[in-house]
Amino acid sequence: MESQRGWITLPWLILCLNIHLAMVFSAQFFKPFNVSYDHRALIIDGERRMLISAGIHYPRATPEMWPDLIEKSKEGGADVIQTYVFWNAHEPVRGQYNFDGRYDLVKFVKLVGSRGLYFHLRIGPYVCAEWNFGGFPVWLRDIPGIEFRTDNAPFKEEMQRFVKKVVDLMREEMLFSWQGGPIIMLQIENEYGNIESSFGQRGKEYVKWAAKMALGLRAGVPWVMCRQTDAPDEVIDACNGYYCDGYRPNSHKKPTLWTENWDGWYTSWGERLPHRPVEDLAFAVARFYQRGGSFQNYYMYFGGTNFGRTSGGPFYITSYDYDAPIDEYGLLSEPKWGHLKDLHAAIKLCEPALVAADSPQYLKLGPKQEAHLYRENAHGEDLNFSSYRSKSRCSAFLANIDEHRSASVTFLGQKYNLPPWSVSILPDCRNTVFNTAKVGAQTSIKSVDSVLPLSSDISLSEEVVTQNNGVYSTRSWTTIKEPIGVWSENNFTVQGILEHLNVTKDYSDYLWYITRLYVSDDDISFWEENNIRPAVRIDSMRDLLRVFVNGQLEGSVRGHWVKVSLPVQFVKGYNDLVFLSQTVGLQNYGAFLEKDGAGFRGQIKLTGFRNGDIDLSKFLWTYQVGLKGEFLKIYTVEENGNAEWTDLTPDTDPSILTWYKMSYIYVSLPTNALVFFTIMQTYFDAPDGAEPVAVDLASMGKGQAWVNGHHIGRYWTLVAPKDGCQNVCDYRGAYNSDKCTTNCGKPTQTLYHIPRAWLNDSNNLLVLFEETGGNPFEISIKLRASRYICAQVSESHYPPVHKWSNGDDGRVLINDLTPEMQLRCQDGYKISSIEFASYGTPQGSCQKFSIGKCHASNSLSVVSEACLGRNSCSVEISNLVFGGDPCRRIIKTLAVEAICSSSSNVGYAQF
Ligand code: GAL
């Protein structure tokens with residue numbers, strides 16, 4: 001590839017770019033086609049299809065990342081991209097729409113179309129999705145008489161208006177299939193069935209209304225409702241869950257669709273990281289198609305990042321990695337991506353047979369083993385009749401649902417060995433192309449490398465400094481204290497405790513409650529004599545409360561509708577009592593979200609006073625929304641210069657409620673023993689190369705961060721419980737999100753994605769608002785890359801799926817039966833060294849391989865020859881390749897561990 005680089009001339013580039021742009025912006029991506037369905041599948045342009053869909057939420061990435069994510073989905077075998085539509089992002093103020101930047105839905109759909117993929121648009125507009133307020137705009141609460149998601153006129157009116165807006169937009173942009181666009185399916189509501197019973201009859205009416213309203217928009221493609229067993233006739237009810245193979249829709253006229261296959265799970269601050277093993281995920285998918293399913297979507301194929309304050313809650317972290325096949329940063333998660341890619345290719349080989357049959361034929365193979373066979377024109381003939389294998393279009397799935405034991409089964413006269421909890425796929429009803437438990441795909445190990453900010457702007461000031469015991473300060477941060485309490489005229493005073501969201505309207509996480517009380521001599525002596533402390537007592541509160549008395553932080557409480565009893569210290573006379581109530585992502589799941597609110601519920605009292613408890617709701621309270629720094633936008637490139645930042649020295653004590661700006665870096669470089677030049681750097685530079693960038697905030701407490709004015713999200717260094725993680729993750733048996741967790745005893749999240757598109761080459765502004773105290777001097781910029789790749793493939797593995805093909809007559813052909821190891825570095829990287837290679841009986845696992853009793857001595861040279869200096873390579877698992885059989889009558893395995901390095905050799909090293 002390298003040598004071809006010179007071929008890319010400017011006119012050629014312009015031509016390619018034009019073609020691409022024309023494709024993205026031209027109206028049609030396909031010859032217009034219709035979408036309908038029968039009991040078996042979606043029917044696309046007259047043909048039943050088996051479809052694989054990849055869930056990607058467009059605002060959880062930047063538009064610059066979209067093409068690559070779509071490409072990786074396509075390469076991974078996706079036919080469809082699925083997303084929700086995020087109402088609160090598109091209509092932040094009632095009637096004012098935003099479809100720009102990360103919210104440019106039209107552009108996203110067009111990019112998908114331009115790559116020849118279909119689109120499933122889940123409008124909701126309630127979406128759940130661990131997204132702030134489940135996607136509802138907070139202003140919706142203020143519409144008089146509104147009740148969400150039930151038979152309520154004001155709600156229905158608003159919902160219809162937005163759904164219509166989206167459908168109309170898609171139609172105007174010619175994005176429906178019958179217009180030559182990629183959209184083949186829509187969704188109305190989301191898992192309403194989970195909460196429907198809370199609304200009684202009105203819930204049932206609402207479901208009917210929602211379906212009718214959606215159909216009335218005449219979008220011309222099918223609508224689904226997920227988890228909605230009473231979905232009306234014209235709407236398909238679809239399954240969400242970890243497994244959906246037993247699912248049947250509520251009418252035999254509808255196909256079996258799986259809108260959310262949870263291939264991982266989301267995470268909360270202070271929790272462990274969930275991980276769903278790919279063997280189990282592949283098992284679930286194969287079982288679904290085995291038992292009659294026809295459309296399956298990975299929720300998520302790429303999870304991405306909850307930038308800004310988009311994270312739902314309470315308490316969902318900024319990363320929405322989801323353990324998805326493409327990680328938060330857009331890099332492949334291996335072996336997940338690769339193993340699923342093989343699975344998808346295997347399913348695609350079966351597609352002709354799967355769509356030809358109206359239903360599978362079932363064969364019991366053992367107590368926990370079963371086969372489903374799909375073939376054309378099957379009319380209940382004798383299944384033992386071996387000749388029908390030769391007939392065209394016959395595919396079969398053999399499952400072993402035993403969680404512990406492998407099984408040897410006989411299927412159509414032939415023996416098959418099935419590992420526990422696995423499915424073998426036989427595209428021709430004879431040869432196994434794939435088994436869900438046999439992973440041949442490589443494992444990639446991600447690492448992060450520190451890069452120090454590097455100066456582009458040397459010697460703005462030159463100072464002569466005398467060395468002082470070899471210690472000299474590096475001043476790199478400036479700071480501003482956020483005032484506690486009122487900071488602007490824009491405050492108001494009323495009697496009583498107002499509900500948090502009613503005041504903030506969610507324009508900020510923060511709401512100040514300020515009051516003053518008088519403490520008498522008698523109270524003080526009462527406390528001293530009885531050795532008691534007064535306390536703030538609150539019936540119920542969420543998400544986070546910080547209590548200040550006379551400017552001092554007395555304590556903080558976090559929880560989701562928890563009781564508070566927090567001891568406080570008063571002095572004699574007047575005392576200023578200040579509450580800082582904070583939200584950490586609004587509720588996104590459940591019935592009656594409009595009533596949920598935030599902040600406090602019930603009574604708020606001061607206890608322990610001589611004359612009994614003091615009811616604080618009788619007091620006058622002053623309300624101040626948000627932070628001064630937020631209001632003045634001191635995190636933006638335009639405004640930060642207008643604020644009065646002061647220098648911060650490394651010996652400064654950590655302080656609460658403080659803004660930090662990385663804007664000056666003074667690096668002292670020795671020129672001789674005694675003289676130093678001080679280099680002043682304004683802002684930080686983007687690391688060279690194309691690797692994803694993260695900022696490591698492990699040294700900080702809790703807050704929010706901005707890069708060049710882009711809000712990269714909330715951060716919080718809450719630590720996960722010490723225990724509850726599994727040393728070994730056993731893929732066998734039904735998965736749940738507690739099953740294979742990692743990261744015990746460590747902060748849930750320390751790395752925060754800074755999309756490349758938000759960085760300049762130089763002069764990047766990083767601003768943090770820190771609530772609890774931390775050390776900004778330890779903040780570093782990091783690059784994320786898959787540096788280590790490993791793989792292990794044995795003679796007993798199946799040959800790569802790409803060696804199979806669908807013949808013209810519909811029969812499946814296999815060209816070569818040799819298994820193969822395939823290795824690949826991320827884009828822009830090459831295999832720079834082979835750390836381990838053994839063909840024989842190698843022991844251990846990735847990063848812990850060792851040579852076993854049998855070892856071909858040329859293993860390393862064979863693998864090096866095939867792979868060194870390449871972005872990707874493959875090695876056949878055969879004695880022939882390794883110059884003969886190193887140990888006869890033993891199944892041989894090739895295990896390899898390699899290092900990938902950046903091809904350009906620039907970037908991380910020079911810092
Ligand atoms: C589903 C819901 C999704 C998402 C998922 C968990 O129940 O439909 O929106 O919240 O759970 O990640």
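We count ligands from 1, going down the list as the structure has it; atoms in each ligand are counted the same way.
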Report task. Could you tell me whether K72 sits above the aromatic face of F302, with NZ or CZ closer than 6.0 angstrom to the six-membered ring centre and within 45 degrees of the axis? Result -> no
Requested in this report: Assess the cysteine pair C226 / C239: is their SG-SG separation shorter than 2.5 Å?
Outcome: no
Query - Nearest-option assignment for atom 11 (O) of ligand 1, heavy atoms, candidates H57, E260, M300 - result: E260
Query raised in the report: For W265, is at least one N or O under 3.5 Å away from an N or O on ligand 1?
Result: no
Query raised in the report: Of the backbone atoms (N, CA, C, O) and the side-chain heavy atoms from C-beta on, which set of N194 has a member under 4.0 Å from an atom of ligand 1: side chain, backbone, both, or neither?
Result: neither
Query raised in the report: Quick one: CZ on R115 to CD on E75, what's the gap to the nearest 0.5 Å?
Result: 10.5 Å
Report task. Answer yes or no for Y322: is there a heavy-atom contact with ligand 1 below 4.0 Å? Result -> yes
Report task. For atom 7 (O) of ligand 1, grab the closest protein heavy atom and report residue, atom and distance to one decimal in Å. Result -> E191 OE1, 2.4 Å
Query raised in the report: Does an N or O anywhere in Y84 fall below 3.5 Å from an N or O of ligand 1?
Result: yes
Requested in this report: Measure from NZ or CZ of R60 to the centre of the six-membered ring of F108 and say whether it is under 6.0 Å with the direction within 45° of the ring axis.
Outcome: no
Query - Electrostatic pair E594-R149, nearest N-O below 4.0 angstrom - result: no
Query raised in the report: Is the NZ or CZ atom of R601 positioned over W561's six-membered ring, under 6.0 angstrom from the centre and within 45° of the axis?
Result: yes
Report task. Give the contacting part of Y589 toward ligand 1: side chain, backbone, both or neither, where contact means a heavy-atom distance below 4.0 Å. Result -> neither
Query raised in the report: With only distance considered, is C128 within less than 3.5 Å of ligand 1 through an N or O on each side?
Result: no
Query raised in the report: Under the criterion ring pair (Phe, Tyr, Trp, His ring centres under 6.0 Å), which of F283, Y298, W258, Y242 is the partner of F288?
Result: W258
Query raised in the report: Between Y266 and ligand 1, is there a nitrogen or oxygen pair with a distance under 3.5 Å?
Result: no
Query raised in the report: Which is it for Y320 and ligand 1 at heavy atoms under 4.0 Å: side chain, backbone, both or neither?
Result: side chain
